[in-house]
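Data first, discussion second: the structure below is written as structure tokens.
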Amino acid sequence: MAFRKAVKGAVLVGGGAAATVFGLSQLSEYKRKYGRLASVEAAECRPLKKYDSLPSRESHLQALRETCEFDVLIIGGGATGSGCALDAVSRGLKTALVERDDFSSGTSSRSTKLIHGGVRYLQKAIMKLDFDQYRMVKEALHERANLLEIAPHLSSPLPIMLPVYKWWQLPYYWVGIKLYDLVAGSQCLKSSYVLSKSRALELFPMLRKDKLVGAIVYYDGQHNDARMNLAIALTAARYGAAIANYTEVLHLLKKTDPQSGKSRVYGARCRDVLTGQEFDVKAKCVINATGPFTDSVRKMDEQEVQNICQPSAGVHIVMPGYYSPDNMGLLDPSTSDGRVIFFLPWEKMTIAGTTDTATEVTPHPIPTEEDINFILTEVRNYLSCDVEVRRGDVLAAWSGIRPLVTDPNSKDTQSISRNHVVHVSDSGLVTIAGGKWTTYRSMAEDTIDAAVKAHDLQAGPCQTVGLVLQGADGWSPTLYIRLVQDYGLESEVAQHLANTFGDKAFEVAKLAQVTGKRWPIVGKRLVSEFPYIESEIEYGIQEYACTAVDMIARRTRLAFLNVQAADEALPRIIEIMGKKLKWNEQRKKEELATAKKFLYYEMGYKARSEQLTDSSEITLSPGDIERYKKRFHMFDKEGKGFITVLDVQRVLESINFQINESALHEILNEVDLNKNGQVELNEFLQLMTAIQKGYVSGSRLAVLMKAAEENIHKREVISVDRSGGGL
């Protein structure tokens, strides 16, 4: 106790001094940027017109084709591009946005799901006296508070534990975390605190116990990134922006300015990816907000321009929820190679990541087995030896590309900027690049400010601070209770809908089908273990979902939570979408193939399935091999050396267990390595080896065969009591 008081006393003096120096140095800039907010709020701003219902995608495309000239055309529908659209339209500018893929299909849906200032950036700012890093943290903490306020249904504060294993690290980390609180100032979510070893283990029982000294807990924000991005885009649409996904830019439109004689960008030639129709969209200002693809659009403007994007891949994995407490994250501040690893509860699962490796720019990044194993190794270092961290528990994995940039406005063009960069080319193309998810709003504000200045646009001041996003207006933490009471939804489903759609959850509930059961009355689940229901697919179409991938990855988050569950849900999702969108059988087959390919390569299904291959070594003990052979031969009664769907069906029927044939085909296909429609003895032994090593978990065939074996043995036991006993 005395030690802690002494440390706190010394630290408060030193930390307070450091914070004061930084605070005073930042004061003038902070007042310049944020001090005007009070005057904006106090002024009688132009009331914003908001549409009650969303226009259809076809209406947006018609507006893009037929509008004579927009004030701004934004290329890119990620967080930054959507933020620019909302900022521009809320200032009274005639706004258009086009996105080649779906909203949030790139980096914006593949983040760590944190809304944070960046503890590690503050550490670098202090250690290296880097004023730019400090300014970025300060800005991010302001934006964190704003984002939690404008979308409370999609975001919430999250306590994050920093375990300490050396005594000297306790005051060191405590100072850093307290400075993080101080920089946040009045926008600090909750004050950080120190935990004893016993208390830390009580809150995070999976933590490694040996040599643990204590822990420090601080608070950051967490959100549903893809849904947040979509909420920003949909809010812009409700305020009158013309937005269209699956609309790519083929080239920029240019003309010569009669006054200056310079070539100027005045729009873009676009193509509807779904129909192939091409059209021109004209605008006074074109904004490039394409993240990792920044340079490809810049080269449309000027072919010889130097690249500024330095892409970096960050891989994340998802594991079962039992790997972490429901409401406590974990930060590993110094991994074996100096990177930071987060271990966070999210959507009742556990996210671990991220990596940081140089990569090529691609629209389809793939998580590598090397990165997955690196994360698993780091997780093992922090979890108790009682917790077996298995490769087979990786339910999904993805890679996102960070668009780090060098500043073209700087003399030192080789220096990577962690802050965002706004650049206006000679032809008037405005590029916004770099930055981070949390600061999307301030990035958008700076971008529209630059656009207004460069193109002399008639616009009011920025109005997005405190401007609530779709779903937030009527949301409250108890809204889900009304959904349960009014519609007869399961409590878990109602909470999910409320925390995904906010006050729009009632519209989703109205579309829900009757289950035919006593309870729940409505709301058929897509897969049993997740609270996603079929009516979300129908509502997702109203939210501009055009493909099955849009549904499993961004309208629902099934692909990010469990690739196998997403794969199982695909046929029903495609059936519902096909009916609403009038798809023919060929289109349905194409959608299924594309979605399976997405899961296989981009969401880690390939890496997961490769844990069991036809070249896998069988390392079972002789006793285990004999035991598993007996189990196999219970199904292979004829001694063929393989089992088929009919064999499994016959055994299951003998114990009065019913399962439909299509489900059985799926179950056997997971183990059928050579895809010949049958599971051979060797394949079964390879499966059991992989399960024993932890490479594979949750194999439905293994569970099914074990349960059937146990049931048959029970039925074969002859009760002595029933036989009457005797000698």
Side-chain angles (χ1 to χ4, degrees), residues 1-15 112-114 116-117 119-120 122-123 156-182 184 188-222 317-336 339-353 375-390 393 694:
M1 198 69 182
F3 169 74
R4 183 184 292 182
K5 286 182 178 179
V7 169
K8 284 189 176 181
V11 163
L12 281 173
V13 174
T112 313
K113 323 302 179 195
L114 283 178
H116 62 140
V119 172
R120 60 176 175 157
L122 182 60
Q123 180 189 28
S156 60
L158 176 71
I160 300 175
M161 182 183 291
L162 197 162
V164 179
Y165 288 91
K166 295 178 181 176
W167 277 107
W168 67 266
Q169 289 179 334
L170 197 60
Y172 173 75
Y173 287 137
W174 188 82
V175 170
I177 294 299
K178 277 301 172 187
L179 281 174
Y180 193 61
D181 290 349
L182 286 168
C188 178
L189 301 180
K190 288 184 182 180
S191 183
S192 58
Y193 53 91
V194 177
L195 291 174
S196 65
K197 176 179 178 177
S198 60
R199 183 63 177 148
L201 291 172
E202 185 181 332
L203 292 175
F204 208 117
M206 308 85 174
L207 207 56
R208 180 163 60 87
K209 303 173 186 177
D210 54 307
K211 297 183 181 179
L212 181 68
V213 172
I216 300 165
V217 175
Y218 72 98
Y219 286 80
D220 257 324
Q222 188 178 53
I317 63 174
V318 167
M319 306 177 78
Y322 56 71
Y323 272 96
S324 65
D326 291 339
N327 195 37
M328 179 69 75
L330 186 74
L331 167 64
D332 177 358
S334 54
T335 60
S336 56
R339 291 183 281 196
V340 170
I341 288 284
F342 284 100
F343 195 61
L344 310 167
W346 183 69
E347 299 287 323
K348 298 189 177 179
M349 293 294 181
T350 302
I351 288 181
I375 296 170
L376 288 173
T377 300
E378 296 303 325
V379 168
R380 288 187 187 103
N381 291 339
Y382 268 82
L383 294 190
S384 167
C385 57
D386 296 335
V387 180
E388 184 186 357
V389 180
R390 305 179 299 181
D393 283 339

Mind checking whether [X] and [Y] have side chains closer than 4.5 Å, heavy atoms only?
X: L212; Y: L201; result: yes
X: P163; Y: L330; result: yes
X: M328; Y: P159; result: yes

Can you say whether the rings of Y219 and Y193 are parallel (under 30°), tilted (30 to 60°) or perpendicular (over 60°)? tilted
Y180 and Y218 aromatic centres sub-6.0 Å: yes
Looking at F204 versus Y382, is the centre-to-centre ring distance below 6.0 Å? no
Ignoring hydrogens and angles, tell me if any N or O in the side chain of [X] forms a donor-acceptor pair with the backbone of [Y] under 3.5 Å.
X: R380; Y: V389; answer: yes
X: R120; Y: P333; answer: no
X: T350; Y: P320; answer: yes
X: K178; Y: S192; answer: yes

Quiz question: by atom type and distance under 3.5 Å, do the side chains of Q123 and Y172 form a donor-acceptor pair? yes
Counting only heavy atoms from other residues, nucleotides and ligands, does the tally under 6.0 Å from CG of D210 exceed 12? yes
Interatomic distance, Y322 atom OH to M349 atom CE [nearest 0.5 angstrom]: 9.5 Å
Within this structure, what is the CD1-CG distance for the pair I177 and L182, rounded to the nearest 0.5 Å? 11.5 Å
